[in-house]
Enquirer: 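Before anything else, here's the structure in question.
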Amino acid sequence: MPYVDGFLLPMPTKNLAAYRKIARKAGKIWREHGALQYTECVADDIAEGPLALFARSVKRKEGETVVFSFIVYASKADRNRINKLVMNDPRLGDMTSMPFDMKRMMYGGFKPIVSL
């Protein structure tokens, strides 16, 4: 069964182009090291109000949108191996300087229970 890393982050809408550039580069590097899929999505139709869990979970502020991302691996062991390679890849550069507030980013590893 594959393994998935998922990410949810607040993105200033003015920084979307810069983030897209970083994500394209990062995605190519993840794929070169063995990730099966690398996907970045920007919010298009998320709830507002009391059920706005995507927006509330990252404490979205005025002028921000939400980015949902996921990376698919063949297994958790592959994920651990690939992430180690990616984090040591000099092409990635300084990942501590991102165009969003990394303190409000949510992420985690997931085992699929249904995959059709």
Enquirer: Please check this pair: side chain of S75 against backbone of P2, looking for a donor-acceptor N/O pair closer than 3.5 Å.
Expert: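 Not at all, since once roles are kept as given, no pair shorter than 3.5 Å links the two residues.
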Enquirer: Should M106 and M102 be regarded as members of a common hydrophobic cluster, given that ILVMFWY residues are connected when their side-chain heavy atoms come within less than 4.5 Å of each other, either directly or indirectly?
Expert: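 No, M106 does not connect to M102 through the hydrophobic network.
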Enquirer: Could you tabulate the donor-acceptor pairs under 3.5 Å formed by side-chain atoms of residues 84-92, not counting sequence neighbours?
Expert:
| from | atom 1 | to | atom 2 | distance (Å) |
| --- | --- | --- | --- | --- |
| N88 | ND2 | K84 | O | 3.0 |
| D89 | OD1 | R91 | N | 2.9 |
| D89 | OD1 | R91 | NE | 3.0 |
| D89 | OD2 | H33 | NE2 | 2.8 |
| D89 | OD2 | R91 | NE | 3.4 |
| D89 | OD2 | R91 | NH2 | 2.8 |
| R91 | NH1 | E32 | OE1 | 2.8 |
| R91 | NH1 | E32 | OE2 | 3.4 |
| R91 | NH2 | E32 | OE1 | 2.9 |

Enquirer: Of the non-hydrogen atoms in L8 and S57, which two are nearest, and what is the gap between them?
Expert: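 Smallest interatomic distance, heavy atoms only, reads CD2-OG, 3.2 Å.
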Enquirer: Report whether L16 and M105 are members of the same hydrophobic cluster (ILVMFWY, side-chain heavy atoms less than 4.5 Å apart, transitive linking).
Expert: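 The answer is yes; both residues are in one hydrophobic cluster.
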Enquirer: Show the nearest heavy-atom pair for residues R31 and Y38, with the distance to one decimal.
Expert: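 Nearest heavy atoms, R31 then Y38: CD-N, 4.2 Å.
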Enquirer: Please answer: with hydrophobic residues joined when any side-chain heavy atoms are less than 4.5 Å apart, are I22 and V42 in the same cluster?
Expert: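 Result: yes, single cluster for both.
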Enquirer: Decide yes or no for Y19 and M98: does some side-chain heavy atom of the first lie under 4.5 Å from some side-chain heavy atom of the second?
Expert: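 Result yes, sub-4.5 Å side-chain heavy-atom pair found.
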Enquirer: Mind checking the CD-OG1 spacing from E62 to T13? Nearest 0.5 Å is all I need.
Expert: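 It is 9.0 Å, given to the nearest 0.5 Å.
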Enquirer: Would you kindly say whether Y73 and N80 are connected by a side-chain donor-acceptor distance under 3.5 Å?
Expert: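 No, N80 and Y73 have no side-chain donor paired with an acceptor closer than 3.5 Å.
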Enquirer: Are L9 and V66 connected into the same hydrophobic cluster when the rule is that any two of I, L, V, M, F, W, Y join if their side-chain heavy atoms are below 4.5 Å apart?
Expert: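 The answer is no; the residues belong to distinct hydrophobic clusters.
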Enquirer: What distance separates K76 NZ from F110 CZ, expressed to the nearest 0.5 Å?
Expert: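 So the gap between those two atoms works out to 12.0 Å.
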Enquirer: Is W30 close to I82 at the side-chain level, that is, under 4.5 Å between some pair of heavy atoms?
Expert: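 Yes; the side chains approach each other to less than 4.5 Å.
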Enquirer: Begin with the C-alpha distance, continue with both residues' side-chain angles, and end with the deciding distance and a verdict on side chain to side chain contact (heavy atoms under 4.5 Å, CB included) for I71 and V4.
Expert: CA-CA 6 Å; I71 306 170; V4 178; over 6 Å; no
Enquirer: For the backbone of F70 and the side chain of D5, can you confirm whether one donor and one acceptor N or O come within less than 3.5 Å of each other?
Expert: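 It does not hold such a pair.
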Enquirer: Grab the two heavy atoms, one from N15 and one from P99, that are nearest each other, plus how far apart they are.
Expert: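 Residues N15 and P99, closest heavy atoms: ND2-O, 2.9 Å.
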Enquirer: Are there more than 12 heavy atoms of other residues, nucleotides or ligands under 6.0 Å from atom OH of Y107?
Expert: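 Atom OH in Y107 is not crowded, with 12 or fewer foreign heavy atoms closer than 6.0 Å.
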Enquirer: Looking at R104 and E64, is any side-chain nitrogen of the basic one under 4.0 Å from a carboxylate oxygen of the acidic one?
Expert: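 Salt bridge: yes.
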Enquirer: With a 4.5 Å limit on heavy-atom distance, are the side chains of I46 and R60 in contact?
Expert: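 Yes, their side chains come closer than 4.5 Å.
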Enquirer: When clusters are formed by joining ILVMFWY residues with side-chain heavy atoms under 4.5 Å apart, either directly or through shared neighbours, do F68 and F100 land in the same one?
Expert: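 Not linked; separate clusters.
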Enquirer: Could you list the residues that satisfy ring pair (Phe, Tyr, Trp, His ring centres under 6.0 Å) with F54, not counting sequence neighbours?
Expert: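 Not a single residue meets the ring pair (Phe, Tyr, Trp, His ring centres under 6.0 Å) criterion with F54.
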